[in-house]
Amino acid sequence: MNANERVFPVRNYDLSATLSSGQAFRWRHHDDSWVGVIGSRWVRLQATNASIIAQTAEPVGDWRWLNHYLQLDLDLDAVLSTFPNDDPMRSAVGHSRGLRLLRQDPWECLASFILSSTKQIVQIQQIVTLLCSRFGDPVDAPPDRGLVNAFPLAARIAALPESDLRACKMGFRAPYLLAAARLVADGKLNLAALEKLPLPEAREELLQIPGVGRKIADCVLLFAYGFPTAFPVDVWVMKALCELYFPKRRPTRQRLERFTETYFGPHAGYAQQYLFHYMRTRPVPRP
DNA sequence: CTCCAGGCGCCTT
DNA sequence: AAGGCGCATGGA
């Protein structure tokens, strides 16, 4: 049965926290709903008490792509129950219960996070918006929505001069994005093949890409491939770890890595997202 | 004006 | 191993 609307019953799903938590950069809040593009589909999502209402521009027969993107079949309580039962995690989970991890397209995720270094989330959104509007394939959208574009294909970006990328305000990240796009377009980097690899091997593959270090690699491993123990440590998570878990003195790099690999359990990546969102959105601590 | 933002690469100790 | 610096850009 084809339709351009569908109601997904959900429980404990905080759509706003999820779509605004710095995993994906193309979602915009309009009125009481969220508008974005998944693959080549324009999508509007509206959260109600116990459901998410999805609307597309064109009729959809099989909604598994959205189910997969939103990870609707995940048992969140089962994930939360694996977190360490300590004060920081209780605070972080209590602050935004229902925060989820999405399952994004690897190329879009990789490209977006290459553009993320030393940028605030709002600015990453601006760069991605420019990139999509200039080089993304047009996508069908409701008539009053203006032009909407998919995220640009790697092959399209690979064929651009660096100046066209710099014109999207990405600065020194332009050659990194270009190099990554060429690796993918030339078939030297098979992103689809990474999902079958063990985490360390998939990470090593990503670390070969210019402009991709441990943090960006782990973002892609977590947000696109769903490796449950990928654990990106950015300035916010570092702040959480140092303030909440190592208040006495700064841990060594090796001590910190050992800690993040063991302490947070089999869904450490999820725990990381709760810590990240908590540090970014909690009330400013009084001195 | 200075400082810094979901880092990385390269260069020093 | 660990720290400093430059890299574009824009906002506070």
Side-chain angles (χ1 to χ4, degrees), chain A residues 17-27 92 95-96 99-102 104 106 108-131 134 160-183 189 203-225 227 230-244 246 249-261 264 268-282 284:
Chain A
T18 299
L19 298 181
S20 68
S21 64
Q23 315 176 50
F25 302 100
R26 299 205 62 197
W27 291 99
H95 179 71
S96 56
L99 174 65
R100 305 290 186 124
L101 288 177
L102 302 168
Q104 301 177 61
E108 176 173 343
C109 188
L110 170 64
S112 297
F113 278 96
I114 285 175
L115 300 176
S116 74
S117 66
T118 49
K119 280 290 181 190
Q120 299 182 71
I121 289 176
V122 174
Q123 305 215 15
I124 303 167
Q125 291 172 337
Q126 290 171 350
I127 296 170
V128 169
T129 297
L130 271 176
L131 192 66
R134 293 183 182 181
L160 295 173
E162 188 183 303
S163 57
D164 280 1
L165 296 178
R166 287 187 180 267
C168 295
K169 312 297 184 185
M170 66 183 71
F172 63 85
R173 303 158 194 82
Y176 294 147
L177 179 62
L178 189 54
R182 287 176 175 167
L183 285 173
L189 172 63
R203 179 183 284 140
E204 278 310 307
E205 288 292 309
L206 292 172
L207 288 174
Q208 302 305 311
I209 305 166
V212 176
R214 177 62 182 261
K215 189 269 174 182
I216 292 176
D218 275 38
C219 283
V220 178
L221 293 167
L222 185 62
F223 302 144
Y225 295 100
F227 284 101
F231 197 99
V233 178
D234 74 311
V235 291
W236 290 99
V237 173
M238 179 65 83
K239 185 176 166 66
L241 294 173
C242 290
E243 281 186 11
L244 306 175
F246 297 91
R249 57 185 173 86
R250 275 179 56 84
T252 65
R253 179 191 294 268
Q254 192 167 19
R255 178 81 184 86
L256 197 66
E257 181 167 346
R258 179 50 89 197
F259 183 72
T260 59
E261 281 178 352
F264 293 99
Y270 242 104
Q272 173 276 156
Q273 194 65 12
Y274 274 88
L275 288 174
F276 173 74
H277 193 249
Y278 175 58
M279 296 302 286
R280 277 192 66 235
T281 58
R282 68 176 176 175
V284 286

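Convention: sequence-line order gives letters A, B, ...; per-chain numbering from 1. FYI, side chains are in, hydrogens and waters are out, and symmetry mates aren't considered; it's all heavy atoms of this structure.
Separation of the P atoms belonging to B/dC8 and C/dG10 is 22 Å when rounded to the nearest angstrom. Using atom C1' as the reference point in both B/dC3 and C/dC5, the two lie 16 Å apart (nearest Å). Distance check on atom P: B/dA5 versus C/dG4 gives 16 Å, rounded to whole Å.
Under the ring-ring contact (aromatic ring centres under 6.0 Å, His included) criterion, A/F246 pairs with A/F259, not counting sequence neighbours. In this view, A/E205 satisfies the side chain to side chain donor-acceptor pair (under 3.5 Å) rule with no residue, not counting sequence neighbours. In terms of the side chain to side chain donor-acceptor pair (under 3.5 Å) criterion, residue partners of A/E162 (sequence neighbours excluded) are, by chain and number, A/R166. In this structure A/F113 satisfies the ring-ring contact (aromatic ring centres under 6.0 Å, His included) test together with A/F25, A/F223, sequence neighbours excluded. In this view, A/S21 and A/Q23, A/L99, A/Q273, A/H277 satisfy the side chain to side chain contact (heavy atoms under 4.5 Å, CB included) rule, not counting sequence neighbours. The side chain to side chain donor-acceptor pair (under 3.5 Å) test applied to A/W236 returns no partner, not counting sequence neighbours. Taking the ring-ring contact (aromatic ring centres under 6.0 Å, His included) definition, one finds that A/H95 meets it with A/Y278, sequence neighbours left out.
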For DNA chain B, the expected dot-bracket line (Watson-Crick or G-U under 3.5 Å, [ ] crossing, | inter-strand) is .||||.|||||||
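A nucleotide of DNA chain B counts as in contact with chain A when one of its atoms lies under 4.0 Å from a heavy atom; the first and last such, 5' to 3', are B/dA5 to B/dG9.
Side chains of A/V237 and A/T260 form no contact here, defined as non-hydrogen atoms less than 4.5 Å apart.
Under the 30°/60° scheme for interplanar angles, the aromatic rings of A/Y176 and A/F172 are found to stand perpendicular.
Taken to the nearest 0.5 Å, the NZ atom of A/K239 stands 11.5 Å off from the CG atom of A/D234. Once rounded to the nearest 0.5 Å, the distance linking CG of A/L189 with CD of A/Q208 reads 10.0 Å. The line from CZ of A/R26 to CD of A/E108 is 6.0 Å long, rounded to the nearest 0.5 Å.
Counting only residues at least two apart or on different chains, the salt bridge (charged side-chain N to carboxylate O under 4.0 Å, His left out) pairs with a member in residues 207-216 of chain A are A/R214-A/D218, A/R214-A/E257.
Contacts between residues 114-131 of chain A and DNA chain C, defined by a heavy-atom separation under 4.0 Å, are made by A/T118, A/K119, A/Q123. For DNA chain C, the residues of residues 168-181 of chain A within the heavy-atom distance limit of 4.0 Å (strictly under) are A/K169, A/G171, A/F172, A/R173, sorted by number.
Toward the 5' end of DNA chain B, the nearer of the two residues A/I209 and A/D234, judged by each one's closest nucleotide, is A/D234. Judged by closest nucleotide on DNA chain B, A/R280 is the one of A/P210 and A/R280 placed further toward the 5' end.
Residue contacts for A/F223: at a heavy-atom cut-off of 4.0 Å it reaches a base atom on one of the strands shown. In this structure, A/S112 reaches neither bases nor backbone, as no heavy-atom distance under 4.0 Å exists between it and the strands shown.
As a whole-Å value, the separation of A/R255 CZ from C/dA2 P is 13 Å.
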